[in-house]
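Contents: one structure, followed by commentary.
Every chain is numbered from 1, with letters handed out A, B, ... down the list of sequences. In this text, all values refer to a predicted model and were calculated from it rather than measured experimentally.
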Amino acid sequence: MEASRFEKLSDTAWRVAPFGAMRVPAIIYATESLIAEMDDKVFDQVTNVAKLPGIVRAAYAMPDAHWGYGFPIGGVAAFDAGEGGVVSAGGVGFDVSCGVRTHLTHLTREQILSVQQALADALFEHVPAGVGSEGEIALDDAETTAMLLGGAQWAVERGFGRAEDLDRIEEKGRATDADPAAVSEHARQRQRREMGTLGSGNHYLEVQEVAEIFDPAVAAGYGLIQGECVVTIHCGSRGLGHQIGTEFLREMVISAQQYGIVLPDRELACAPIESELGQKYLGAMRAAINCALANREIIGHLARQVFARFFERAELPLMFDVSHNTCKTERHAIDGETRPLFIHRKGATRAFGPGHESLPEALRPFGQPVLIGGSMGAGSYVLAGMETSERQAFSSACHGAGRRMSRHAATRAWGGRKVVDDLRAQGIIVKSPSLRGVAEEAPGAYKDVRAVVDSAQAAGLAKKVAFLKPLICVKG
DNA sequence: ATGTTC
């Protein structure tokens with residue numbers, strides 16, 4: 001789309017003044033060339049979000065923004081419950097609490113390369129991946145409830161992880177105020193055999209080399225050492241989160257009129273935070289957050305089991321685990337007054353700056369790790385939250401490279417086999433149950449991740465710490 | 001994202 005549709009605030013910040021039913025401005029943080037590459041739908045979606053009741057300050061789009069369901073992916077919006085603010089199922093997304101975690105290995109690139117193929121095969125064999133993938137863990141109804149309440153803490157109690165991991169997960173591995181009773185029987189059933197599975201789409205488990213350091217002090221604080229390798233896991237709440245999203249979206253469409261909400265787009269279905277439906281959704285969504293946190297904890301455990309076969313002394317401590325599809329209650333300053341707000345981040349990462357009280361002590365001086373999942377070929381980045389992000393976008397940053405091409409277009413442009421072969425020629429081993437899935441995820445289907453993170457840094461959302469180059473990718 | 005079109 002044309003950047004001229006926006007008022008330029010800086011090279012990486014653009015604004016749309018309220019027009020029509022917009023209650024607040026829309027702001028996009030990206031360079032002119034990234035904006036030029038985006039679909040016009042991003043403009044429509046971010047300005048539609050600005051029309052929702054109770055929205056505060058502005059509707060935001062991150063530099064990786066692209067067309068999503070209702071809200072853009074790469075969207076941030078905050079709502080005030082006391083001013084009729086809403087919660088939107090489409091504003092969280094179907095894959096509730098999809099997120100990324102990175103484990104350190106303190107193994108060198110050479111050590112990984114010495115077993116690269118066998119390690120890739122073993123990870124692929126041990127970590128279930130793909131549509132409908134099922135694991136060894138089967139939950140009965142009581143255990144499902146315990147999991148929905150306990151999140152990663154539940155996983156650790158059941159032996160699928162370590163107690164010291166919890167400090168390195170948002171909210172110490174457990175969302176409070178989850179309401180398992182708000183999760184339907186159908187959603188529970190779908191999750192019965194899906195704990196500890198990657199799923200499909202852009203989800204993956206990668207072994208990555210720390211290939212470049214941008215901020216030595218912060219990298220050292222995070223435990224990232226150039227030439228060593230990390231394990232990064234990207235996945236979410238699987239069938240359970242999807243089912244919750246589907247059911248509440250339907251209910252929110254039906255009830256909108258009753259709550260006096262005029263929807264600028266049916267996909268923006270929402271309910272007042274203070275309504276019965278809004279509270280029920282928040283309870284179910286928090287239960288789905290716990291499902292995703294437990295799921296990633298279990299997958300981390302599975303990765304540790306595989307690494308132990310190859311490297312007896314490898315520990316795989318957790319560096320950080322952060323979700324990028326959530327609605328969270330956080331306190332932020334509005335007009336000089338700190339208020340609790342409901343922050344929707346859809347394909348956007350929380351990015352608290354140095355000193356934030358919610359960060360574990362070991363990370364607090366450096367700011368929150370912001371884990372940016374790039375494509376299989378271009379690699380990923382670790383960023384650090386900056387204090388400036390608080391006033392830019394309620395302490396949020398991008399979450400990935402962002403698609404520049406639809407899945408369908410990608411399958412027309414590339415064959416999965418060729419993508420695997422091309423990556424192999426670059427030293428990257430890809431293992432996937434689906435060649436079509438690999439084609440959809442071809443590196444060329446994504447924006448230039450470097451341009452995205454450079455935009456995020458220039459806009460004051462988060463700063464670059466390290467670049468991670470994949471060596472092994474288990475793709476869902 | 002998704003028992004990939006309830």
For [X], answer base if it contacts any base atom (sugar-phosphate contacts may also be present), sugar-phosphate if it contacts only those atoms, and nothing otherwise; contact means non-hydrogen atoms under 4.0 Å.
{"X": "A:H234", "value": "nothing"}
{"X": "A:G199", "value": "sugar-phosphate"}
{"X": "A:G236", "value": "nothing"}

In whole Å, I'd like the distance from the [atom1] atom of [X] to the [atom2] atom of [N].
{"X": "A:K475", "N": "B:dT4", "atom1": "NZ", "atom2": "P", "answer": "19 Å"}
{"X": "A:R250", "N": "B:dT5", "atom1": "CZ", "atom2": "C1'", "answer": "14 Å"}
{"X": "A:Y69", "N": "B:dT5", "atom1": "OH", "atom2": "P", "answer": "14 Å"}
{"X": "A:E247", "N": "B:dT2", "atom1": "CD", "atom2": "P", "answer": "16 Å"}
{"X": "A:H242", "N": "B:dT4", "atom1": "NE2", "atom2": "P", "answer": "9 Å"}
{"X": "A:E194", "N": "B:dT4", "atom1": "CD", "atom2": "P", "answer": "11 Å"}
{"X": "A:Q243", "N": "B:dT5", "atom1": "CD", "atom2": "P", "answer": "15 Å"}
{"X": "A:Q189", "N": "B:dC6", "atom1": "CD", "atom2": "C1'", "answer": "18 Å"}

For the aromatic rings, using the six-membered ring if either is Trp, is the centroid distance between A:Y222 and A:F320 under 6.0 Å?
no
Centroid separation A:H324 to A:H234 less than 6.0 Å:
yes
N/O (side chain, A:R238) to phosphate O (OP1/OP2, B:dT2) under 4.0 Å:
yes
Side-chain N or O of A:T246 less than 4.0 angstrom from OP1 or OP2 on B:dC6?
no
Before you tell me yes or no, could you show the steps for A:E440 and A:W414 under side-chain hydrogen bond (donor to acceptor under 3.5 Å, both in side chains), namely the whole-Å CA-CA distance, both residues' side-chain angles and the distance that decides it to 0.1 Å?
CA-CA 8 Å; A:E440 290 177 354; A:W414 296 282; over 6 Å; no
Between A:T326 and A:R286, do the side chains contain an N or O donor and an N or O acceptor separated by less than 3.5 Å?
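No, because no side-chain N or O of A:T326 sits under 3.5 Å from a partner of the opposite role on A:R286.
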